[in-house]
Each structure stands twice: as C-alpha cells, then as structure tokens.
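Chain A is the first sequence line, chain B the second, and so forth, proteins listed ahead of strands; every chain is numbered from 1. Given the structure is predicted, the values throughout are model-derived calculations rather than measurements.
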Number of protein chains: 2
Amino acid sequence: MLEVRAVDTRERILDASEKLFMANGFDGTSMRLITGAAGVNLAAVNYHFGSKESLMQEVFRRRLDWLNGERLRVLDEMERKSGGKPLKPSQIVDGFFGTLLRMAQDEAHGGITFLRLLGRTLTEPSDFIRTFLAKEYSEVMERYKAALFKALPDVPKAEIVWRFHFMLGATSYAIAGTDALRLVTDWQIEDADATDRLDRLLPRLMSFLLGGLRAPLPQFSATA
Amino acid sequence: MLEVRAVDTRERILDASEKLFMANGFDGTSMRLITGAAGVNLAAVNYHFGSKESLMQEVFRRRLDWLNGERLRVLDEMERKSGGKPLKPSQIVDGFFGTLLRMAQDEAHGGITFLRLLGRTLTEPSDFIRTFLAKEYSEVMERYKAALFKALPDVPKAEIVWRFHFMLGATSYAIAGTDALRLVTDWQIEDADATDRLDRLLPRLMSFLLGGLRAPLPQFSATA
DNA sequence: TTATCATTCAAACGAACGTATGAATTAAAG
DNA sequence: CTTTAATTCATACGTTCGTTTGAATGATAA
C-alpha cells in the first residue's frame with residue numbers, strides 16, 4: 001500500500017503540532033519548529049496536509065471527532081434509559097464536561113496536552129479556527145442545550161445558555177491552567193503529578209459547575 | 001516641555017495596540033499594523049517603548065495598575081467597615097470580579113476592549129507575559145485569597161483556591177466570548193449592543209460565581 | 001537668531017516565515 | 001528485474017517580521 005512511512009510521518013507531525021501549538025500558539029509555532037520536533041522534512045507538512053492552517057484543523061479534527069462522538073453517544077444512552085423523562089442536570093454536565101476530562105486521562109486520545117490546546121484556542125479566535133470549531137461543535141452543542149432546556153424548564157433559555165458559557169470558561173481555565181498559569185497560587189499545595197491532579201479536578205469542577213448552574217436566578221436592576 | 005507630540009503618539013500607539021492585540025493576539029499583530037492604525041511612523045514604537053514586548057507590557061500596565069489598585073481600595077474599604085469580622089463571600093466576589101466588569105463599562109479605562117484582551121491573554125501564556133502578569137497580580141491575589149479564607153473558614157484552602165481559579169475562568173470566557181465565540185449560541189437572543197449586554201452580564205455572572213463558590217464540597221472517590 | 005534636544009521620518013538590515021520545486025529515495029506491482 | 005508511483009529530501013523563492021540608522025523636523029531656551 002506504500003503507506004507505512006506516510007502514516008508514521010502524519011502522526012508524528014500531528015503529535016508534535018499538538019504539543020507545540022499548545023505551548024506557543026498557532027502564530028508562535030513555525031513549520032521548522034514542528035518538522036524539527038517531529039523529525040521529518042520541512043516539506044512534509046505541505047505534502048501531507050497542504051498548509052499550516054489545514055494542519056491545525058487536522059490536529060483538532062483528530063481529537064474532536066472522537067470527543068464529540070463520545071459526548072453524543074453518552075447523551076443518547078442516557079436519554080434512552082430515561083425513557084423520555086428529563087435528565088438530571090448533573091448527568092448532562094457530566095456527559096459534556098466529564099467526558100472531556102476523562103478523555104484527558106487517556107493518553108491515547110491526546111491526554112492533557114490536547115485539553116490544554118483546546119482550552120487556550122477557545123479564547124484565541126482566529127477567523128479560520130473559529131469557523132472550524134463552530135462547525136465541529138454545532139451538533140453536540142444543540143443536543144446538550146436541548147437536554148438542559150428540558151431538564152430545567154423553569155429557567156429561561158437565555159439564562160441556561162449563559163451558564164453553559166460560564167461552565168465552558170471555568171472548565172477551559174481549569175484545564176489550561178493546571179500548570180500554565182500560576183496567578184492564583186504557587187501550587188505548593190498538592191504537588192502531585194498532572195494526571196493525579198486531574199483525578200481530583202473532575203469532582204472539584206463538577207461541584208463548582210453544578211453549584212453555578214443551579215444558582216438562584218439573578219435579579220436585574222430596574223435601571224438597566 | 002517638548003512632550004505634546006510624544007504623549008499623543010504614545011497614547012495612540014497604546015490604544016491601537018490594545019485593539020489589535022485583542023483581535024489578533026500578540027504574534028498575530030505586526031508593528032506595521034499597529035503603527036499604521038495609530039497613524040504614526042513605524043519606528044515610533046521602538047523609540048517610545050523599546051520593543052514590541054515592552055509595548056505589550058505597557059498596554060497591560062496602563063489598565064492593570066488602575067484595576068488592581070481599585071480592587072485593593074475596595075477591599076480595604078470593606079474590611080475597614082466590617083471591623084475585623086469576616087466579609088461575606090458575595091462582597092469579596094463583587095470586589096474582585098464586579099470591579100473588573102464595572103471597569104469594562106467605563107470607556108476611559110479601556111472599556112470592553114481591554115477586558116477581552118485580558119481574557120484572551122490569560123490563556124495564552126507566553127513566558128514574558130506570564131511573568132509580567134504574575135507580578136502585576138501577586139498582591140491583589142494574596143489579599144483576596146486571604147479574605148476568602150477568612151470568610152469560609154470551614155472550606156479547605158486548596159478548595160477555595162481551585163474555586164477562585166474556576167471563577168476566573170468563567171469570567172474571562174464570559175468576557176472574551178461576548179462576541180468572539182459563538183460556539184454556545186448564535187446570539188439571536190438579546191441583540192442589544194455590547195454595553196447593554198455587559199449590564200446584564202454582571203448579575204448573571206455573579207449568581208453563577210456565588211453558586212459555584214458556595215457549592216457542596218466534592219466527594220473524592222477512594223480509588224484516587 | 002542661534003543652539004539644543006526630543007521627536008519623526010524614510011529607508012534599510014538580517015532573520016525567519018510559509019510555501020514551492022525538482023531531483024533522490026523507497027517500496028510495491030507487473 | 002523493471003516499472004511505477006508515493007514519499008522524502010535539500011534547496012530556494014518571495015514576503016514579512018522586529019529592529020536599527022542617520023538625516024530631517026520641530027519646539028524650546030539662551
């Protein structure tokens with residue numbers, strides 16, 4: 001089939017890109033850095049992926065296809081079991097965010113590296129990557145929003161959408177910051193390795209997210 | 001005094017940089033783009049600021065000095081009034097995050113543009129900017145963490161630090177995304193202008209943050 | 001007016017960027 | 001073994017990058 005070296009090269013490039021884009025961002029990562037780290041020729045990226053932008057998209061597609069597929073599978077399964085009745089908010093939140101964090105514990109799906117890349121990319125919206133992510137996320141977002149609307153019929157939809165947004169933010173930060181940012185603390189607390197911190201992060205994050213999701217509705221001031 | 005043109009030029013560069021760094025990131029914004037938008041000569045940035053990195057730091061310093069000064073002033077005032085008794089969590093959260101969002105409504109302090117820049121930068125940690133932000137934030141972080149420890153004596157400190165981190169994330173996203181990201185929704189809901197959305201964002205965000213901060217503590221599984 | 005000095009300006013520097021090319025290399029197919 | 005096509009390779013293209021330079025400009029002070 002003539003593809004033994006090709007597949008290897010593609011994977012090596014994707015793996016190296018994932019790490020480097022995470023560490024330096026898209027603009028901060030050159031083709032020479034990528035191909036150097038991957039141990040392949042400079043021209044290999046353009047040969048296998050066409051361009052740097054296409055490479056970036058492929059880095060995300062490789063992980064997101066699996067992640068969002070899994071999210072939909074989990075949601076389907078929960079809705080099947082519930083037999084038409086609304087799910088509990090904690091189930092929905094776990095299906096979306098728990099699935100993400102559990103993926104990060106699986107090195108076969110990119111581990112924590114991809115998770116950090118995702119977290120940082122969601123706030124660097126280059127046009128081409130925003131367009132790509134919007135398409136990649138559209139189905140799973142619609143499904144999970146619908147599940148939340150059904151689970152919380154008394155909460156205005158706009159409020160749920162905002163709180164979904166807040167949950168995304170808290171999660172991305174928790175991820176991107178597990179050792180990138182040290183604004184909040186110097187992290188002498190809990191000097192365990194990253195994977196171990198991830199074990200404890202999930203229940204911590206879930207408590208926070210559910211507390212926020214179920215918080216009393218805000219009172220808008222009359223002057224607004 | 002010979003400084004009339006100089007001051008103008010500096011301000012014009014800082015204003016243009018703030019907008020462009022927000023829209024394109026640090027690496028994605030060239031000196032020629034900045035000086036072109038500011039209507040000044042290409043060499044002006046290096047003359048007035050020394051380098052692109054120093055310019056970036058000055059863009060942040062100009063706003064953060066005011067913001068974090070205000071945060072400390074508000075905290076001092078609250079602690080003075082309380083007379084040694086612990087503050088309420090809602091007061092502390094409002095002092096930190098409310099002050100941030102209220103600053104965004106004041107165009108004289110950068111308005112929503114700087115807020116978005118800050119939100120996006122906190123997840124793009126270039127070495128030089130992370131070091132700079134860590135120093136710029138150290139005092140205000142210590143003071144607010146201490147206030148939360150005192151306000152929530154029964155909650156483990158590590159838990160409070162994590163939740164502070166989650167709150168930062170939710171806030172940054174809420175800001176960065178008010179029209180950057182459209183993953184969650186297409187925002188036909190609430191087609192008001194940005195400033196008006198900001199009015200309603202504060203109570204929404206505060207409810208969410210307080211709900212998360214006061215959520216029941218997580219139960220760690222025994223196998224972790 | 002003249003001397004002084006901060007600022008602005010046009011122009012250029014070498015380095016690094018993403019991409020393209022055409023020849024070498026490799027492995028499968030006939 | 002020969003042919004064929006996929007892949008790798010060294011090299012170079014044109015562009016853009018951040019920064020530097022030295023002369024021109026402008027306002028202040030003597």
Discussion item. Go through it in stages, so that I can follow the logic: the residues are A/Arg130 and A/Asp127, the test is salt bridge (charged side-chain N to carboxylate O under 4.0 Å, His left out), and I'd like the CA-CA distance, side-chain angles, deciding distance and then a yes or no.
Written reply: CA-CA 5 Å; A/Arg130 177 170 43 190; A/Asp127 269 345; 2.6 Å; yes
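- Proximity of the aromatic rings of B/Phe26 and B/Phe128 is defined here by a centroid distance below 6.0 angstrom, and this criterion is met.
- Close to D/dT16, at under 4.0 Å from its OP1 or OP2, lies no side-chain N or O of B/Ser30.
- B/Thr35 comes within 4.0 angstrom of no nucleic acid atom, judged by non-hydrogen atoms across all strands.
- Regarding B/Phe49, its CZ atom lies at a distance of 15 Å from the P atom of D/dG18, rounded to whole Å.
- Side-chain atoms of A/Asn46 lie closest to C/dT19 of the nucleotides C/dT8, C/dT19, D/dG18.
- The shortest distance between side-chain heavy atoms of A/Met206 and A/Asp94 falls below 4.5 Å.
- We find that NZ of B/Lys52 is positioned 19 Å from P of C/dA15, with the value rounded to whole Å.
- Listed by first then second residue, pairs satisfying salt bridge (charged side-chain N to carboxylate O under 4.0 Å, His left out) with a partner in residues 29-57 of chain B number zero, not counting sequence neighbours.
- The stretch residues 37-45 of chain A comes close to DNA chain C through A/Leu42, A/Ala43, each having a heavy atom under 4.0 Å from the strand.
- At whole-Å resolution of the value, CG in A/Asp27 and P in C/dG18 are 9 Å apart.
- Going from atom CD1 of B/Ile34 over to atom P of D/dC17 covers 11 Å, rounded to whole Å.
- Of the possible donor and acceptor atoms, none in the side chain of B/Arg204 sits under 3.5 Å from a partner among the backbone N and O of A/Pro218.
- Look at CD on B/Glu53: it is 14 Å from C1' on D/dC17, rounded to the nearest Å.
- Residue B/Arg32 has its side chain nearest to D/dT19 when only C/dT8, D/dT19, D/dT7 are considered.
- Taking atom CD1 of residue A/Ile13 and atom P of nucleotide C/dT19, one finds them 13 Å apart after rounding to whole Å.
- To the nearest angstrom, P of C/dT26 lies 16 Å from CG of A/Asp8.
- At a threshold of 4.0 angstrom between heavy atoms, the contacts of B/Ser54 with the nucleic acid are absent.
- Heavy-atom distances to DNA chain C give each of A/Leu33 and B/Tyr47 a nearest nucleotide, and the one nearer the 5′ end belongs to B/Tyr47.
- Closest to the B/His48 side chain, of the nucleotides C/dC17, C/dT19, C/dT8, is C/dT8.
- Remark: B/Glu139 CD is loosely packed, at most 12 non-hydrogen atoms of other residues, nucleotides or ligands lying under 6.0 Å away.
- When ring centroids are compared, B/Tyr144 and B/Phe164 stay outside the 6.0 Å threshold.
- Counting to the nearest Å, the P atom of D/dC17 and the CE atom of A/Met31 are 17 Å from each other.
- In terms of phosphate contacts, A/Thr9 brings a side-chain nitrogen or oxygen within less than 4.0 Å of OP1 or OP2 of D/dT8.
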